Amino acid sequence: MRIKFPILAVFLEVVIISLFGVFVKYDTVDRRQVYPLFQDVHVMIFVGFGFLMTFLKKYGFSSVGINFLVAALGLQWGILLQGFWHMHSNEIHINIGSMINADFSTAAVLISFGAVLGRTSPIQMLIMAIFEITIFACNEHLVVSVLQATDTGASMTIHAFGAYFGLAVARVIYRPALRNGHKNEGSVYNSDMFAMIGTLFLWLFWPSFNSAVAATADAQQRAIINTYFALAAGTLTAFATSILVEGRGKLDMVHIQNATLAGGVAVGSCADLNILPFGAMLIGSTAGFISVAGFKYLTPFFASKLKIQDTCGVHNLHGLPGLLGGIASIIAAALQVENNLSTGMQAAALGCSIAIALVGGAFTGLILHLPFCEQPPDQNCYDDSVYWEVPIEEPSYESSFHLPREPQQAQH
Amino acid sequence: MRIKFPILAVFLEVVIISLFGVFVKYDTVDRRQVYPLFQDVHVMIFVGFGFLMTFLKKYGFSSVGINFLVAALGLQWGILLQGFWHMHSNEIHINIGSMINADFSTAAVLISFGAVLGRTSPIQMLIMAIFEITIFACNEHLVVSVLQATDTGASMTIHAFGAYFGLAVARVIYRPALRNGHKNEGSVYNSDMFAMIGTLFLWLFWPSFNSAVAATADAQQRAIINTYFALAAGTLTAFATSILVEGRGKLDMVHIQNATLAGGVAVGSCADLNILPFGAMLIGSTAGFISVAGFKYLTPFFASKLKIQDTCGVHNLHGLPGLLGGIASIIAAALQVENNLSTGMQAAALGCSIAIALVGGAFTGLILHLPFCEQPPDQNCYDDSVYWEVPIEEPSYESSFHLPREPQQAQH
Amino acid sequence: MRIKFPILAVFLEVVIISLFGVFVKYDTVDRRQVYPLFQDVHVMIFVGFGFLMTFLKKYGFSSVGINFLVAALGLQWGILLQGFWHMHSNEIHINIGSMINADFSTAAVLISFGAVLGRTSPIQMLIMAIFEITIFACNEHLVVSVLQATDTGASMTIHAFGAYFGLAVARVIYRPALRNGHKNEGSVYNSDMFAMIGTLFLWLFWPSFNSAVAATADAQQRAIINTYFALAAGTLTAFATSILVEGRGKLDMVHIQNATLAGGVAVGSCADLNILPFGAMLIGSTAGFISVAGFKYLTPFFASKLKIQDTCGVHNLHGLPGLLGGIASIIAAALQVENNLSTGMQAAALGCSIAIALVGGAFTGLILHLPFCEQPPDQNCYDDSVYWEVPIEEPSYESSFHLPREPQQAQH
């Protein structure tokens, strides 16, 4: 780790700077009007995704820190890979719009990161970022330019893609020893509070995420409005479903942290279409319901039967709602809410996004399995102290009354 | 709770979606230029109000979580109730401006929530949101359209209204058993830190709150400038007063978390008027002073003599400064800083906002008292574990070294 | 403290309001198009700087609270001091652009605050703010108006200035008794998590900081793009270097919290110049490296040999990268990337910024040494309880299994 990681990181940075030197120039088009939208998306990527994953009691440094590292690498690589598809006389011309798309490409990686959170090394994450963004850029080009499908809020190309890519990786790097969970795999009160910072900033800025690349003024305002109401409706159904499925009629923080966001994922593909606010709310409230149901029933099934350990439940937040979003766009095409939509192309976009994600993820998982990548041993999973200098505690105010006692065993 | 809450939440969502289906359409007017202001207000509602209330040691999940739930319901209901006053051929046309007003209407509910925080059930909060927003929309229409009073930053229609509504509810649901406080009714070090996240985002984006609905470019820039300086001046007086009133000459986190915001509340009604920056600073510094004084002297008096338990001290942050804002607007009218202002109308606006809030709050309180609403028993107040699955703790790093040992040299 | 602080704070506020009454008027120019950039900078000042300094285990209230106080005073004083250099017929005309510059002037003070964090009293900080901003405004006028040097992102006038000013103060108020550190001078797990909130919001909004005052649309978009890539590249090298220099091959949170931002500091002076994205990345990745190296090797040397205690390591985050930024601007001038640049003027700007900072800081340090300023005694350093009512802990959920003992009455 001490030598390998710096070498790999510096090597990647040198390669990227060289490629920037050769290909990347400033665009002369003034795109500053989307800068506020970019900043909202930017906050989602680094604060939203970063803190959403800090719910683990002993993995906060890695969640927010490695998220930071992967996103910083990913946005540079994303500029290049997306740019290669749109070169002008062998030059990549970048503006603030390119920065939005670069942030988008990192979102897919961060979603996949959530599936394997706690069971991978920083080296594995750097390598996964490089491979996933490369494959992501190809799939995005296929969906948007070749199939010409609509996916403004990227339910299919980012959320479903990122989720199924991560699940495929998780399947390949499955750890039988963690079959029955791990003692560090739980939250504490404050780690759940930190995670809510991530949840709320994702929730608040999702309308910007779904509207940032909308084509026209009308489409952009529709995307903002539809996402706003899809999220609000989904939040109510998520709360309701959480209490319903919990044996003791209580709210589960995991559901509130994640399923409240499902409406934003699901409305993505149709965000800028004329589906009317109540249409967006139907999509959103359905997403809130299936997301909680997924956490309650699918995640345990995946872990026990399919040998897929999904730390953050990305399948429930991004996978299922992403699927729903793709299906919604097929229905929207069938209903001809916009006349240039084709059910066939929307279905093809959904299908290839998932297929490419699964194959690409499985392939990437095999590479991450190579000894070079230094997977952490089972007993060190979900533990910052493997990769971070963790402060040795003087009792802080928070704990200044803790007196001699025996350590207790985990139950979460 | 397990059955009632889901039924109520889903019922409300179904009603709302149906009404949206019948009445709500997209507006064709492009209001994207106010989108950055909307996003600032949006952050205030969910992160600002949500985290501001997390200061209680065992009520963080509920503070940020139920705030989230209530706001998500409130903004949907607010769109309808405010829309009914401005229908075009039986349609409600919504744009980003409507989203700002919807967020505004939830602010009133969240202020009232602060008064009763820890002593109410989620079911009660859903019902309060429905009633309060309905009454709020009527009062707002009365103040703005009928009386044609000025209240751009809503000192009267949101802050004073929300505070006195909440206090009236608190009076009706008074708990004699908590006369001398409750063992959970206090903060810990980290909960006070989380609350500062709320304070700062409220403070930072308050200029957007007070200027978002300003009529002209000049008025909007004035509202931004006045609020910025009123807050800054009020922050200094709040710090000064906090140390002055504290017996031991120390700062009290409660004052810093709340009274530093009073300047933004108080300058609201006059925010867009030509009161000059120093006028705004006079209003702001006065507000910072009276707010701290209110926490120190009024809150205990309210609890002991008036039988009003005000958990977050909303009377000091929103009530008194809201009153001050209304009075400032009367003075501004008397000084003719703008020629279309009438002292009478401003006074009437202030009076009816408070009167309607008190009557509406008392009425709502009676309804929340019905057994259906499932008020928590006294001993379960201010405790998340009644409504949330609270993690059972492994000692985290934060507390993992509290076994008998000699103190170590800290390292950072 | 109980009497002195309120008198000083109120006195300053009265003086400021009086000066505002005499000099400050609204500008009629509509500058609302920079409001989103202002808001980003505003968040950096209060949330970014405030939370970045909360890493200390027992100093979170003071870090975020005194940062809040100092910034609120500083922005008012900054408006006046910067305004005095640009009066129109004895009036200071303010708009949103002035608010950006006011926030900038506070940034210098907050950087210096980081150097002496934990060893000063609130009274000392108020006085330092008044002196530093006065000197800052003179140096800025000299650099921008007299020398006409370029420093759009203020590597020299804010970052290097603030750092060396603070180091000079720290040298003068050196505490021999803390030669070997202090038992409170360390972090705990959650305090490091809070600090990451500050880091990320600084990182995310840095492109706004470096572009807010850019002259033209092209220059502004370049400043945004260059800062975005300089930060991303610097983040990778900071992570790589952190693992490399740490004996056990682990990441050090101090480096991640700070050195990841060095790229934004270093690219500041050249931010809006046509240095191409790869040029920005070279500057950024160099900054990330030297910043970590500074934390590892220079900070201990400063403390032991130069008798300069630098709590937050501002020399590594702002000092060295600020120097690098100035040097980069000299090189850019030499390379004639823009034809109105002069190497001489850039060098002069860098030299006078550092010289004036050192002299001004030493002078201010002598004043802060006066008994009036009430420096805290050595044993009370890095401890909130000297200036704050710190909650007496009921066991929170976080620590609710650390019994047995009898419960105490909480107080909030």
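Keep in mind it's a predicted model, so treat the numbers as computed, not measured. By convention in this document, chain letters (A, B, ...) are assigned in the order of the sequence lines, proteins followed by strands, and residues within each chain are numbered from 1. All values below were derived from every heavy atom in this structure, side-chain atoms included, with hydrogens, water molecules and symmetry-related copies excluded.
In the model, Asn226(A) has a side-chain atom that pairs as donor or acceptor with a side-chain atom of Tyr26(B) under 3.5 Å. Defined by atom type and a distance below 3.5 Å, a donor-acceptor pair is missing between the side-chain atoms of Asn190(B) and Tyr189(A).
The greatest number of non-hydrogen atom pairs below 4.5 Å with chain B, out of Thr260(A), Ile224(A), Thr235(A), is found for Ile224(A). Of the listed residues (Met196(A), Met253(A), Gln220(A)), the one with the most heavy-atom contacts under 4.5 Å to chain B is Met253(A). Among Leu126(B), Val10(B), Ile79(B), the residue with the largest count of heavy-atom pairs under 4.5 Å with chain A is Ile79(B). Your options are Phe61(B), Phe5(B), Phe51(B), and the one with the most heavy-atom pairs under 4.5 Å with chain A is Phe61(B). Ranked by heavy-atom pairs shorter than 4.5 Å toward chain B, the options Asp252(A), Asn274(A), Asp218(A) are led by Asn274(A). With chain A as the partner, the residue from Ala71(B), Gly65(B), Pro36(B), Pro122(B) showing the most heavy-atom pairs under 4.5 Å is Gly65(B). Options Ile243(A), Leu204(A), Asp40(A) differ in how many heavy-atom pairs under 4.5 Å they form with chain B, and the most are formed by Leu204(A). Contacts with chain B were tallied for Thr237(A), Leu37(A), Ile197(A); Ile197(A) has the most, counting heavy-atom pairs under 4.5 Å.
Contact residues of residues 89-98 of chain B toward chain A are Ile94(B), Asn95(B), Ile96(B) (heavy-atom distance under 4.5 Å). Interface residues of residues 11-18 of chain B toward chain A, defined by a heavy-atom distance below 4.5 Å and sorted by number: Glu13(B), Ile16(B), Ile17(B).
Between Gln257(B) and the options Leu202(B), Leu200(B), Asp192(B), a side-chain contact (heavy atoms from CB on, under 4.5 Å) holds for only Asp192(B). Evaluated for a side-chain contact (heavy atoms from CB on, under 4.5 Å) with Met53(B), the options Val64(B), Leu117(B), Ile66(B) yield exactly one hit, Leu117(B).
Closest heavy-atom contact between Trp388(A) and Ser62(A): NE1-OG, 3.0 Å. Among all heavy-atom pairs drawn from Ser211(A) and Pro207(A), the shortest one is OG-O, 2.7 Å. In this structure, Pro6(B) and Leu244(A) approach most closely via the heavy-atom pair CG-CD1, 4.0 Å.
If you look at Phe113(B) and Phe49(B), their ring centroids are not closer than 6.0 Å. A distance below 6.0 Å separates the ring centres of Tyr228(A) and Phe38(B).
Using a 4.5 Å cut-off between heavy atoms, Gln33(A) makes no contact with chain B at all. Proximity to chain A (any heavy atom under 4.5 Å) is shown, for Ile45(B), by neither the backbone nor the side chain. Within the 4.5 angstrom heavy-atom criterion, no atom of Leu8(B) approaches chain A. Only the side chain of Phe201(B) comes within contact range of chain A, with at least one heavy atom under 4.5 Å from a heavy atom of that chain. Phe194(B) touches chain A through its side chain: at least one heavy atom from C-beta onward sits under 4.5 Å away, while N, CA, C and O do not. Neither the backbone nor the side chain of Asn67(B) comes within less than 4.5 Å of any heavy atom of chain A.
The side-chain hydrogen bond (donor to acceptor under 3.5 Å, both in side chains) test applied to Gln39(A) returns Tyr35(A), Ser208(C), not counting sequence neighbours.
Ring-plane geometry between Tyr382(A) and His182(A) is classed as perpendicular, the angle between the planes exceeding 60 degrees on a 0 to 90 degree scale with a lower cut at 30. Relative orientation of the Phe209(B) and Trp206(B) rings is tilted, given thresholds of 30° and 60° on the angle between their planes.
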Return a table of donor-acceptor pairs under 3.5 angstrom between the side chains of residues 275-288 of chain A and protein atoms on other chains or two or more places apart.
| residue | atom | partner | partner atom | Å |
| --- | --- | --- | --- | --- |
| Ser285(A) | OG | Met281(A) | O | 2.6 |
| Ser285(A) | OG | Leu282(A) | O | 3.3 |
| Thr286(A) | OG1 | Leu282(A) | O | 2.7 |

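The shortest distance between side-chain heavy atoms of Arg2(B) and Glu246(A) does not fall below 4.5 Å. Using a 4.5 Å heavy-atom threshold, the side chains of Ile256(A) and Thr199(A) count as separate. Looking at heavy atoms from C-beta onward, Lys4(B) lies in side-chain contact with Phe372(B) at the 4.5 angstrom threshold.
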